[in-house]
Amino acid sequence: MDIIVPALVGVIQTTSERDHNSDSGMEGFDRLRRGTPWIEFRYYDEYTVDRFFRDVSEMRFSAIVFASNSLTHPSIFEASCAAREVIRAASNQGMGIVILHQFLPPGVVRDCTFLPLAHQVSFRGIADSTVQRVTVDRRALRVDSQRPITLNLGQFGDRSPVVWSEVRPLYEREWRSITTMRMGGRQVDAILRSRTPRARTIISMLPLDWLADPGLLAHAVSRAVRGRGTLYLHPAGEDSSMDACIQLAFGRAVLRGGHLSSQAISDPSEVRVNFVPYRHFSHLVISRSWTWSDLGSLLGQETKTRLENEGSITAHARDGGSQSVGEYQPLLVTVGGGRPAYLEIADRFARWFETVQERFRDGQTTLARALATVASTINEAVEDPDAAPQALALDQIRDLLSPYIDMRLRGMPHVDGHVLPTAAIASTMELLEFPAERVAPLRSWIEGRNYTSSTASLQQAKLWLQGLNVHDRLVPKTEIDRIYQALLAVRADGHDAASMDFLCEVLKDESQSISRRAIIAESLTNSDDPLVRARVADSARTLQNDLESSLVAGHPPLEAICLATAALIRIHATSGLTSGVNVRDESTGTWHDPDRDSELRRKLELTRQQKADAEAMVAKVQTFARRTVGISVTVAIATVLAAYSLLISSVKLDVATWVQITASGFVALAALVAYIGYRASRVGGEPRWMAALRDVVIARNGSSGSAN
């Protein structure tokens with residue numbers, strides 16, 4: 001591996017630990033160089049920590065490490081607390097943070113308030129506790145090999161396997177344990193890592209920099225910095241110094257604290273993105289010697305995990321094969337580099353949900369089902385569960401709704417003797433993966449038909465509970481009955497054109513309620529038929545607008561928000577379908593154009609209509625102007641003739657004078673008529689004032705269309 005720009009990791013130690021303990025200090029980190037050659041360590045103490053945090057504010061570091069016992073020094077701890085805004089900002093932009101074991105007397109507390117709120121922890125001093133056993137999670141691998149890390153008590157070296165403090169997270173669900181240890185007869189989490197990908201924070205109760213085996217420390221540090229790493233993959237012997245595209249990618253890679261390395265490989269299809277060293281670099285740049293078609297396994301499901309954690313792949317796209325590099329102009333394409341759209345929607349919903357979650361335990365049964373739908377949808381969409389908001393994890397939502405479900409059932413196989421709430425609770429339990437034996441009595445009660453129900457309620461029950469054995473002969477009477485009948489028809493036969501057309505018309509109808517449109521969108525996107533999903537994706541922009549307006553409403557429609565969120569997550573997770581994408585109908589082998597009712601086409605039709613309306617209004621003005629000119633000419637001629645007649649009858653003149661006056665009047669009248677006719681013709685040619693009027697009309701119609 002060729003290290004072009006190393007990752008800078010700042011290590012904060014006390015001078016006491018550095019100078020007086022042979023098995024700690026710089027030696028503990030220098031042992032990592034063989035396994036992590038792309039990392040360069042720089043060391044700071046209580047005298048230089050202020051200068052260090054100034055460099056952090058300029059994003060010069062990929063990670064910072066608080067070495068064992070560093071926070072016990074008052075100067076380092078106070079400087080860290082004073083730089084809390086700097087540390088939080090850098091963490092939110094991808095800088096990793098590793099905090100190792102801190103020696104504290106019993107009862108003394110170090111609250112790490114300089115960390116981002118979601119990842120704040122407290123170190124609490126305890127009496128010296130002997131470590132009896134250490135267990136490392138199987139997912140924690142060595143940096144330089146794929147052998148699982150094993151940590152035993154003999155690796156503590158000359159020191160006794162004793163810890164003097166324990167870690168208490170402020171929000172336990174934001175952390176995942178990668179190492180546990182047994183001490184004092186109980187099992188405790190020894191090393192925690194943050195779940196969310198933006199803040200790569202690792203907290204350890206163990207003094208990893210003192211251990212003889214550096215594997216676990218290497219894993220912690222490399223995981224903390226990998227968010228800013230770029231690895232360039234190229235064939236052996238390639239000279240990339242003259243490639244402007246690669247140089248541009250290199251420049252962007254090292255901006256704001258990034259690091260850059262390169263490695264020669266024989267074929268990119270052999271790269272396994274979750275194996276060493278690739279797993280420690282979020283961004284992969286592929287040589288122009290290969291195209292997208294050569295990437296092989298890089299385009300598999302493992303890549304989805306990388307993209308969900310804000311990773312990316314940059315490669316060249318061009319016509320022709322790899323043997324004709326010089327004949328075609330390459331195009332550098334980057335996929336990923338930020339949160340996927342479906343995770344951004346989940347993040348937005350999670351932030352809103354945290355402020356209103358108590359209302360979901362006191363609401364209607366359909367609201368509980370809607371929340372379970374969001375949690376189930378996110379769980380199905382993500383490849384890496386840790387990338388999803390933990391507030392919406394299935395177990396979290398299950399814990400939230402379980403008391404509510406038990407209260408509504410009260411040990412009975414139904415909810416208040418009604419089919420709709422019973423079906424909603426049964427569907428909620430299935431979505432949250434309750435045991436099947438708990439759901440079976442509710443299904444049996446619905447199938448028993450010992451109740452009176454409306455058409456819509458029975459249809460909803462059949463729609464929510466797949467395989468429900470209920471045969472109803474009720475005839476749809478209302479529009480909502482027709483909607484549920486159409487949804488059932490589409491689920492039974494995804495190519496039911498009449499039902500799809502009817503449902504898409506309702507989706508586009510802004511006079512329909514947001515809740516009704518959300519119900520339709522969620523139900524249709526729950527289909528595996530690509531054509532059905534593409535037709536619903538056509539309304540994604542409208543759904544997004546509905547969702548955004550609902551989230552900020554004073555009295556938000558909770559169920560509609562949940563269902564619209566679930567629909568949008570499915571749309572974006574299914575290859576990001578948008579308007580104008582042709583979809584293949586696998587049953588007939590033909591291609592369909594799902595955008596016949598697309599948002600883009602609707603806007604074009606609206607523009608055409610605005611233009612037609614403006615032209616019609618201008619035509620009316622032109623007609624009015626012509627009529628006005630005609631009336632003016634008639635009045636002018638009549639006035640001249642009347643004046644001429646009055647002149648003849650009242651004045652006595654000789655014949656020659658009368659002939660002269662008549663000829664002059666005729667010439668003047670002809671000139672007047674010719675001038676008025678010329679001006680009238682200019683009305684049809686749209687003079688400046690007419691063009692200005694047209695612009696005003698179009699602008700007014702455009703603004704009213706945007707408001708609608």
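Excluded from the calculations below are hydrogen atoms, water molecules and symmetry mates; all remaining heavy atoms, backbone and side chain alike, are included. All values derive from a computational prediction rather than experimental measurement.
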With sequence neighbours left out, write down each residue that passes side-chain contact (heavy atoms from CB on, under 4.5 Å) with Leu394, or none if nothing qualifies.
Ala375, Asn379, Arg398, Leu432, Glu433
Over 60° means perpendicular and under 30° means parallel, so classify the ring planes of His234 and Tyr232, tilted if in between.
parallel
What heavy-atom pair brings Phe61 and Met95 nearest, and what distance separates the two atoms?
O-CG, 3.6 Å
How close do Tyr44 and Arg51 get, counting heavy atoms only, and between which atoms?
CE2-NH2, 3.9 Å
A side-chain contact here means heavy atoms from C-beta on lying under 4.5 Å apart; do Phe52 and Arg42 qualify?
no
So Thr36 and Val221, do their side chains get closer than 4.5 Å, heavy atoms only?
no
Between the main-chain N or O of Ala218 and the side-chain N or O of Ser222, is there a donor-acceptor pair closer than 3.5 Å?
yes
Please walk me through it: do Phe53 and Phe114 pass ring-ring contact (aromatic ring centres under 6.0 Å, His included)?
CA-CA 12 Å; Phe53 285 129; Phe114 51 84; 8.0 Å; no
Taken to the nearest 0.5 Å, the spacing of Ser194 OG from Ile203 CD1 works out to 8.5 Å
Okay, side chain of Arg110, backbone of Leu71: is any donor-acceptor separation there less than 3.5 Å?
yes
For residues Val65 and Phe29, determine if any side-chain heavy atom of one lies less than 4.5 Å from a side-chain heavy atom of the other.
yes
Tell me whether the rings of Trp175 and His119 are parallel (<30°), tilted (30 to 60°) or perpendicular (>60°).
perpendicular
Please test Leu100 against Asp209 for side-chain contact (heavy atoms from CB on, under 4.5 Å), starting from the C-alpha separation and ending with a verdict.
CA-CA 8 Å; Leu100 303 180; Asp209 47 351; 3.6 Å; yes
Nearest heavy-atom approach of Val121 to Pro169 is CG1-CA, 3.8 Å
Measure the shortest side-chain to side-chain distance between Tyr404 and Thr428 over non-hydrogen atoms and say whether it is less than 4.5 angstrom.
no
Pair Thr15, Asp45: side-chain N/O donor-acceptor within cut-off below 3.5 Å:
no
Leu233 side, atom CG; Phe281 side, atom CZ - distance, nearest 0.5 Å
9.5 Å
Minimum heavy-atom distance Ala346-Ile569, with the two atoms named:
CB-CD1, 4.3 Å
What do you reckon, is CD of Glu437 surrounded by more than 12 foreign heavy atoms closer than 6.0 Å?
yes
Which of these, Thr230, Val5, Leu231, sits in a side chain to side chain contact (heavy atoms under 4.5 Å, CB included) with Ser261?
Leu231
Will you find, in the side chains of Thr113 and Gln120, an N or O donor that is under 3.5 Å from an N or O acceptor?
no
Between Tyr342 and Glu308, is there a side-chain heavy-atom distance shorter than 4.5 Å?
yes
Between the side chains of Thr180 and Gln187, is a donor N or O closer than 3.5 angstrom to an acceptor N or O?
yes
Separation between CD1 of Ile405 and CZ of Arg438, rounded to the nearest 0.5 Å:
7.0 Å
Return the OG1 to OH distance between Thr48 and Tyr43, rounded to the nearest 0.5 Å.
13.0 Å
Is there a side-chain contact (heavy atoms from CB on, under 4.5 Å) between Cys562 and Phe349? Walk through the geometry before answering.
CA-CA 8 Å; Cys562 294; Phe349 179 86; 3.8 Å; yes
Spacing of CD1 belonging to Ile87 relative to CD1 belonging to Ile64, to within rounding of 0.5 Å
5.0 Å
Would a distance-only check, ignoring hydrogens and angles, find a side-chain to backbone donor-acceptor pair under 3.5 Å from Arg88 to Leu115?
yes
Apply side-chain contact (heavy atoms from CB on, under 4.5 Å) to the pair Thr14 and Ile76, showing each step before the final yes or no.
CA-CA 8 Å; Thr14 64; Ile76 295 177; 3.9 Å; yes
Under 3.5 Å: donor-acceptor pair, side chain of Gln13, backbone of Ser70:
no
Hey, does Ile265 have a side-chain heavy atom less than 4.5 Å from the side chain of Tyr278?
yes
Minimum heavy-atom distance Ser427-Arg369, with the two atoms named:
OG-NE, 3.1 Å
In the structure I gave you, are the side-chain heavy atoms of His259 and Pro6 within less than 4.5 Å of one another anywhere?
no
Does Glu166 form a side-chain contact (heavy atoms from CB on, under 4.5 Å) with Met205? I'd like the steps, not just the answer.
CA-CA 6 Å; Glu166 61 180 0; Met205 287 175 58; 3.8 Å; yes
Closest non-hydrogen atom pair, Ile126 against Ser165:
CG1-N, 3.7 Å
Non-hydrogen side-chain atoms of Leu400 and Leu371 separated by less than 4.5 Å
yes
Begin with the C-alpha distance, continue with both residues' side-chain angles, and end with the deciding distance and a verdict on ring-ring contact (aromatic ring centres under 6.0 Å, His included) for Phe353 and Phe360.
CA-CA 9 Å; Phe353 173 69; Phe360 285 85; 5.4 Å; yes
When rounded to the nearest 0.5 angstrom, what is the spacing between CG in Leu153 and CG in Leu151?
8.0 Å
Keeping Asn69 on the side-chain end and Phe103 on the backbone end, is there a donor-acceptor pair under 3.5 Å?
yes
Any donor and acceptor pair, going by atom type alone, linking the side chain of Arg60 with main-chain N or O of Arg54 inside 3.5 Å?
no
What's the verdict on ring-ring contact (aromatic ring centres under 6.0 Å, His included) for His101 and Phe123, showing C-alpha distance, side-chain angles and the deciding distance?
CA-CA 9 Å; His101 180 266; Phe123 282 88; 7.5 Å; no
Who pairs with Gln396 by side-chain contact (heavy atoms from CB on, under 4.5 Å), at least two apart in sequence or on another chain?
Arg173, Ala393
